[in-house]
Engineer: 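The structure follows.
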Amino acid sequence: MGRLTEAAAAGGGASAARSAGPPPTPLPLSSTSPGCTATMASSEEDGANGGASEAGEEREAPGKRRRLGLLATVWLTFYNIAMTAGWLVLAIAMVRFYMEKGTHKGLYKSIQKTLKFFQTFALLEIVHCLIGIVPTSVIVAGVQVSSRIFMVWLITHSIKPIQNEESVVLFLVAWTVTEITRYSFYTFSLLDHLPYFIKWARYNFFIILYPVGVAGELLTIYAALPYVKKTGMFSIRLPNKYNVSFDYYYFLLITMASYIPLFPQLYFHMLRQRRKVLHGEVIVEKDD
Amino acid sequence: MKHYEVEILDAKTREKLCFLDKVEPHATIAEIKNLFTKTHPQWYPAHQSLCLDPKGKSLKDEDVLQKLPVGTTATLYFRDLGAQISWVTVFLTEYAGPLFIYLLFYFRVPFIYSHKYDFTSSRHTVVHLACICHSFHYIKRLLETLFVHRFSHGTMPLRNIFKNCTYYWGFAAWMTYYINHPLYTPPTYGAQQVKLALAIFVICQLGNFSIHMALRDLRPAGSKTRKIPYPSKNPFTWLFLLVSCPNYTYEVGSWIGFAIMTQCLPVALFSLVGFTQVTIWAKGKHRSYLKEFRDYPPLRMPIIPFLL
């Protein structure tokens with residue numbers, strides 16, 4: 001799951017038919033539609049489908065190749081600017097806190113409202129995919145945003161004792177840098193004026209940020225385990241009227257385990273995208 | 001009689017894989033696939049997808065070369081469908097699993113529940129009834145696979161068996177764990193609820209079977225013909241008046257009956273997931289019926305009368 005959402009295209013990606021400005025190297029993709037570059041750049045398909053994205057995009061969503069209406073463009077531009085601003089505010093707040101207090105303890109508490117607001121607002125990205133103004137698949141966007149919502153609301157918000165863990169700062173930093181890069185990438189793409197360094201940042205920062213974020217998230221969940229076990233929170237036990245049970249502790253263990261297959265897939269998918277966009281490589285994927 | 005030339009290119013790389021000359025104009029795609037296998041033995045016909053366009057739909061085995069929109073030199077694009085497995089094998093495996101797994105829990109095989117319950121049985125009648133219903137359901141499915149169904153396709157991709165078995169076996173284990181659990185709570189409304197649920201279950205099982213038989217009779221053995229199904233003298237088939245895929249309607253009905261009978265949330269969730277899947281299939285089937293038959297009865301909905 002692309003927790004760092006470098007892999008998430010959901011944030012109002014470059015409008016389908018428009019190119020993200022002239023790319024510095026000509027891209028000999030076999031795509032037939034103009035601006036496919038930008039689409040490819042911003043519309044990472046589900047990692048498991050890997051390189052099927054290129055052919056898959058064309059086959060799957062011919063409607064999305066239409067030029068975006070004015071309303072959609074205006075909305076998406078506003079949305080991406082707002083999200084860039086929001087995460088910038090978060091970044092600044094975090095830096096100021098650390099400079100004033102010299103410690104990370106209490107940092108989460110001081111920024112939690114802003115974090116929850118902007119991260120939850122990102123649920124809109126699923127709607128963007130549903131109504132087709134962003135070319136990403138709903139499922140991919142859904143998974144990306146859900147994993148963020150999970151971390152924020154079901155872990156850090158709900159399990160107070162772990163809020164001062166170092167691992168929390170780790171993933172917060174990773175998320176913040178990633179989101180600022182991603183949303184400004186989309187903003188500039190929509191405005192048809194993408195500076196190369198933003199594109200460069202988007203396709204290179206993830207190399208470090210993605211593993212860092214994943215590490216932060218996993219360590220945080222791991223730190224939360226003892227509290228979950230002790231309190232039995234979010235769990236249902238037998239016997240009960242509906243003959244069902246749920247153990248949040250084991251659910252967390254399974255969630256942690258699921259990173260093992262998912263993280264490499266998404267990481268390598270981003271690496272492939274990077275090669276395509278930045279180095280103009282034509283990659284022929286094996287049919288799955 | 002003019003012969004055709006057929007060149008087969010890889011759909012992804014456009015590499016020329018095979019060149020066939022002197023192909024009969026009335027050759028079918030199936031025959032071309034066989035010829036292709038001769039030069040590339042690792043791709044037997046079920047592995048192959050041939051199309052007129054690299055990103056187009058696959059051509060059918062029965063399509064005849066001269067009826068296709070090609071010149072005398074035809075270019076076909078090849079896609080490797082990957083390892084294949086027969087539908088019958090997949091069905092038998094995915095249905096045998098739940099049958100067997102349910103019984104493991106029912107007979108309280110050791111290590112599943114606490115030791116003091118080893119090899120004991122539940123004191124609730126509904127638990128025994130549920131076991132009979134569940135087992136009957138899957139035995140019925142196995143027998144239908146062997147003797148009733150006539151499949152359009154011979155094979156499906158190999159990875160499907162892992163996906164399907166995980167789904168069926170996983171859900172079966174999850175459901176049966178709770179129904180046969182020593183701490184199982186019987187339905188709130190007691191015998192009334194169970195009787196009602198059993199009635200729903202039995203009616204829907206009979207209905208589902210009737211539809212399977214009706215569909216089988218539409219299609220002669222060994223053929224792939226498609227016809228519009230119509231109600232017959234059997235009252236269970238009268239649902240054809242209102243839906244295109246009453247077999248799916250009855251199937252969902254059976255599971256709803258089972259969920260009410262056991263009052264078990266995992267069963268309800270399984271019914272919901274199953275309902276979502278068969279609705280997608282029913283809508284697809286309904287759409288292809290509409291496309292293929294101009295005189296398709298307009299009153300019919302895909303799966304739920306008047307609604308869906």
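So that the names make sense, note that chain A is the first sequence line, chain B the second, and so on, each numbered from 1.
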Engineer: Would you find more than 12 non-hydrogen atoms of other residues, nucleotides or ligands less than 6.0 Å from B:Trp174 atom CH2?
Structural biologist: yes
Engineer: Specify which of B:Leu265, B:Leu269, B:Thr262 makes the most heavy-atom pairs with chain A at under 4.5 Å.
Structural biologist: B:Leu265
Engineer: Within the supplied structure, the quantity of interest is the number of heavy atoms (other residues, nucleotides, ligands) at a distance under 6.0 Å from B:Arg14 CZ; does it exceed 12?
Structural biologist: yes
Engineer: Considering only heavy atoms and a distance below 4.5 Å, find which of B:Ala268, B:Pro157, B:Pro266, B:Ala11 pairs most often with chain A.
Structural biologist: B:Pro266
Engineer: With the side chain counted from C-beta on, respond yes when B:Cys264 and A:Tyr242 share a heavy-atom pair under 4.5 Å apart, and no when they do not.
Structural biologist: no
Engineer: So, for A:Lys241 and B:Gln263, which heavy atoms are closest and what is the spacing to 0.1 Å?
Structural biologist: O-NE2, 3.2 Å
Engineer: Keeping the roles fixed (side chain from B:Thr185, backbone from A:Asn240), state whether a donor-acceptor pair exists under 3.5 Å.
Structural biologist: yes
Engineer: A quick test of your reading: do over 12 heavy atoms of other residues, nucleotides or ligands sit less than 6.0 Å from OH of B:Tyr44?
Structural biologist: yes
Engineer: Just checking B:Trp43: does its CH2 atom have more than 12 heavy atoms from other residues, nucleotides or ligands closer to it than 6.0 angstrom?
Structural biologist: yes
Engineer: When only pairs under 4.5 Å are counted, which of A:Val244, A:Asn243, A:Leu238 shares the most heavy-atom pairs with chain B?
Structural biologist: A:Asn243
Engineer: Do other residues, nucleotides or ligands put more than 12 heavy atoms under 6.0 Å from the NZ atom of A:Lys116?
Structural biologist: yes
